Amino acid sequence: MNSPITSSPVTSSVETPASSCDVLVIGGGINGVGTARDLAGRGWNVLLCEQDDLASHTSSASTKLIHGGLRYLEYGEFGLVRKALAERERLLRSAPHIMAPLRFVLPHDASMRPAWMIRLGLWFYDHLAKREFLPGCKSVRFKGHTLGAPLAAHWTKGFIYSDGWVDDARLVTLCAQDATERGARILTRTRCESVKPHQGGWLATLVQRDPHTDNEISRQTVQARAVVNAAGPWAERVLHDNMGVSGRQAGRKQDEKLRLVKGSHIVVPRKFAHDHAYIFQGQDRRIIFAIPYQQDFTLIGTTDVEHKGAPGQAVIDQDEIHYLCEQASRYLKDPVKPSDVVWTFSGVRPLLDDESGNAAAVTRDYKVQAQRDPAPWLTVWGGKLTTFRLLSQEAADKVGQLLGDVRKPWTDDALLPGGDLRGLISNHVHPEHDVNEFISALRHRYPWAEVALLRRWAHAYGSRTLALLEGVKRLSDLGEEVAPGLFERELNYLCQNEWALTADDVLWRRSKLGLHYTPEQRTAVSQWMQGHRAEAQRSAA
C-alpha cells in the first residue's frame with residue numbers, strides 16, 4: 001500500500017537509490033498487476049508503479065467478458081481461441097464473486113452465412129478446450145420464447161452458447177491486492193520518469209503526483225535487477241523513450257509496432273429483462289454485444305477504430321455512437337437511439353500489428369519479449385483480458401530465466417482475494433450457485449442489513465465482506481451514508497485497502513455506483529474523499 005500523501009512536495013532528484021527490488025513492473029493494468037502478483041507469489045521482491053489509478057485506462061474499458069472469442073475462429077486464430085477457452089472456467093473459479101457464467105444468444109442471419117457453418121463453428125467452440133460446468137451450445141426458435149421477445153419479428157431462430165462476464169476493474173484491483181499480500185509494493189499515481197542501465201540492472205526515477213492538482217509530491221530513485229514493461233498503449237514509449245532501448249537492442253524488425261485501436265461502448269436503459277446477452281453481427285461483418293449491465297442497464301459495444309491521439313485521452317465520437325445504435329437497432333424491436341445513451345466509455349487496445357487492413361481483424365494474441373541487453377528487461381505486447389493469467393505466468397517464467405533463477409508457477413488453481421467462500425458455504429458446487437449461497441448466509445448472519453447492500457458487497461468483495469463487517473452489529477456502525485447504499489465504513493475500506501484516492505476511483509472503477517447516482521450524490525462522494533485526503537495529510541504532517 002502506498003503511503004499517505006504528504007503536504008510537502010519533494011522536487012529534488014535523489015542520486016542514491018532510496019530502495020531496491022528484484023523486479024520493477026511499469027503499468028497498473030491487468031497485465032502489469034497480474035505479472036506482479038505472479039512474481040511476488042514466487043518470492044521475488046517486486047515493485048509496481050502506475051502513473052494513474054489502477055485500471056484507469058484499457059483494463060476498465062473492456063466489454064467485460066471472459067471469453068474464447070468466437071469471432072476469432074473466422075480469422076483462423078485457433079491457437080488463441082483454444083488458449084482463452086481453457087482459461088474461462090479456471091478464471092471463473094478463481095473469483096466467483098466478480099465473475100459469472102453468461103449465456104449468449106446469436107440470432108441467425110442467413111445472408112451472412114448458412115446455419116450449418118454456425119453450428120460447425122460453435123461445435124469447435126465447445127470442443128477446443130475442456131468444459132466442466134459451462135453448458136454447450138444449442139439452437140433456439142424465437143417465436144413465443146423469452147429470448148425472442150426483445151428482437152424484431154424477422155429474427156426467427158438462433159443459437160445459444162456459453163462464455164463468462166467479469167468486473168474488469170475489480171479484477172485488476174484484486175490482483176494488486178494479492179500481489180501486495182504476497183510482498184509486492186504497489187505505487188499508484190507514480191510515473192516512471194526514466195529507467196537507465198546501472199551496474200547490470202536498472203536505475204529508475206519514480207515521481208508521485210497529486211491526483212487533483214498534478215503537482216509533484218515525491219521523487220525517488222529505485223534500483224531494480226530487471227524491468228517489466230507492461231504499460232499497455234504506452235509500452236513503445238516506455239521502451240524507447242524512458243528505457244532508451246533501440247529497435248536493434250529490442251531484436252524487433254523495423255516495421256514491428258503496436259497498433260492502437262480504440263474500442264468504445266455505450267450504456268442505455270435496460271432493453272431486455274432476461275439474463276442472457278446477445279451477439280449481433282453487423283452488415284460490415286463486425287460483431288457487437290448487448291449485455292445485461294448493473295441490473296438496470298444494457299451495455300452495447302464495441303467499436304474498432306484506429307487511434308492516433310494520446311492513449312489516455314480516448315473518448316467516443318458521434319460516429320461510434322450512431323454506429324452502435326444502428327447495429328443494435330437492426331436486431332432489437334425497440335430501437336436504440338443516441339438520446340437513450342446514459343454513459344459511454346472508451347479504451348485503447350494495444351494490439352500486435354499483424355498488417356491486417358481491418359482493425360477488427362488485428363490479432364488479440366500477445367507476445368512477451370525478453371532481452372538481457374543493456375540489462376534484463378521484458379516487454380508485454382498486446383493481449384486480452386481472458387488470457388492475462390497465462391501471459392503473467394509466461395512473463396514470470398522469463399524474468400526467472402533472465403535472473404538465472406527459474407521458480408515454479410503457482411497460479412493455476414489459486415483464488416483471488418475474496419474468492420474463497422468456504423467460510424460461509426457448505427461446499428463448492430458451481431461458481432454462480434456458490435455466490436448465491438454465500439449471499440444467503442450473509443443475510444442470515446447480518447439480518448439488519450439491506451439485501452441489496454449485502455448482494456452488492458458479496459459481488460464486490462466476496463469473502464472479504466466479513467472483514468468489512470467485522471465488529472459491525474447494526475446499521476449505524478457503518479457510519480454516515482454518504483450516498484445511497486455507500487457508507488463511510490466502505491469508503492474507508494477502499495481508501496485503506498484498495499488504493500482509492502478520488503471519487504472517480506470509487507464510483508467508476510472500484511464500483512459502478514456513479515451510474516446509479518445523481519450529480520449531487522456523486523458530488524457528496526467527492527467531497528467526502530477530499531475531506532478524507534485532507535485529514536490524511538494532517539495526520540502525516
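Everything quoted here is computed from the prediction, not taken from an experiment.
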Residue pair [X] / [Y], side-chain donor-acceptor N/O under 3.5 Å:
X      : Y      : result
Arg285 : Gln281 : no
Arg103 : Ser162 : yes
Thr411 : Arg389 : yes
Asn31  : Tyr366 : no
Thr188 : Asp53  : no
Glu320 : Ser264 : yes

Could you tell me whether [X] sits above the aromatic face of [Y], with NZ or CZ closer than 6.0 angstrom to the six-membered ring centre and within 45 degrees of the axis?
X      : Y      : value
Arg88  : Tyr125 : yes
Lys83  : Phe388 : no
Arg407 : Trp44  : yes

I'd like to check [X] versus [Y] (side-chain heavy atoms, cut-off strictly below 4.5 Å). Are they in contact?
X      : Y      : answer
Arg191 : Glu50  : no
Gln51  : Thr190 : no
Leu515 : Val342 : yes
Leu65  : Phe289 : yes
Thr502 : His212 : yes
Arg189 : Leu501 : yes
Cys175 : Leu416 : yes

May I ask you to decide if the ring planes of [X] and [Y] are parallel, tilted or perpendicular, using 30° and 60° as cut-offs?
X      : Y      : result
His276 : His274 : perpendicular
Phe345 : His265 : parallel
Tyr331 : Phe280 : parallel
Tyr161 : Phe104 : parallel

Checking Asn45 side chain against Asp22 main chain: does a donor-acceptor pair fall under 3.5 Å?
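No, the answer is negative, given that no donor and acceptor are paired below the 3.5 Å cut-off.
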Is a side-chain N or O of Gln369 found less than 3.5 angstrom from the main chain of Leu378, in a donor-acceptor match?
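Not a single qualifying donor-acceptor pair exists.
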Within 6.0 Å of CG in Asp412, more than 12 heavy atoms from elsewhere:
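More than 12 heavy atoms, drawn from other residues, nucleotides or ligands, come within 6.0 Å of this atom.
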I need the minimum non-hydrogen distance between [X] and [Y], along with the two atoms involved.
X      : Y      : value
Ala61  : Asp168 : N-OD2, 3.7 Å
Trp410 : Asp38  : NE1-O, 3.0 Å
Ile26  : Cys192 : CD1-SG, 3.8 Å

Separation between CD1 of Ile160 and CD1 of Ile279, rounded to the nearest 0.5 Å
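Spacing of CD1 (Ile160) from CD1 (Ile279) equals 13.5 Å.
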Asp504: salt bridge (charged side-chain N to carboxylate O under 4.0 Å, His left out) partners, not counting sequence neighbours
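For Asp504 there are no salt bridge (charged side-chain N to carboxylate O under 4.0 Å, His left out) partners, ignoring immediate neighbours.
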With sequence neighbours excluded, what pairs up with Glu181 under the side chain to side chain donor-acceptor pair (under 3.5 Å) test?
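Per chain and number, Glu181 pairs via side chain to side chain donor-acceptor pair (under 3.5 Å) with Arg464.
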Going through the distances and angles, do Glu132 and Arg93 end up as a salt bridge (charged side-chain N to carboxylate O under 4.0 Å, His left out)?
CA-CA 11 Å; Glu132 292 186 5; Arg93 284 194 178 95; 2.6 Å; yes
Residue among Leu48, Val25, Val46 satisfying side chain to side chain contact (heavy atoms under 4.5 Å, CB included) with Ile186:
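When Leu48, Val25, Val46 are each tested with Ile186, the side chain to side chain contact (heavy atoms under 4.5 Å, CB included) holds only for Leu48.
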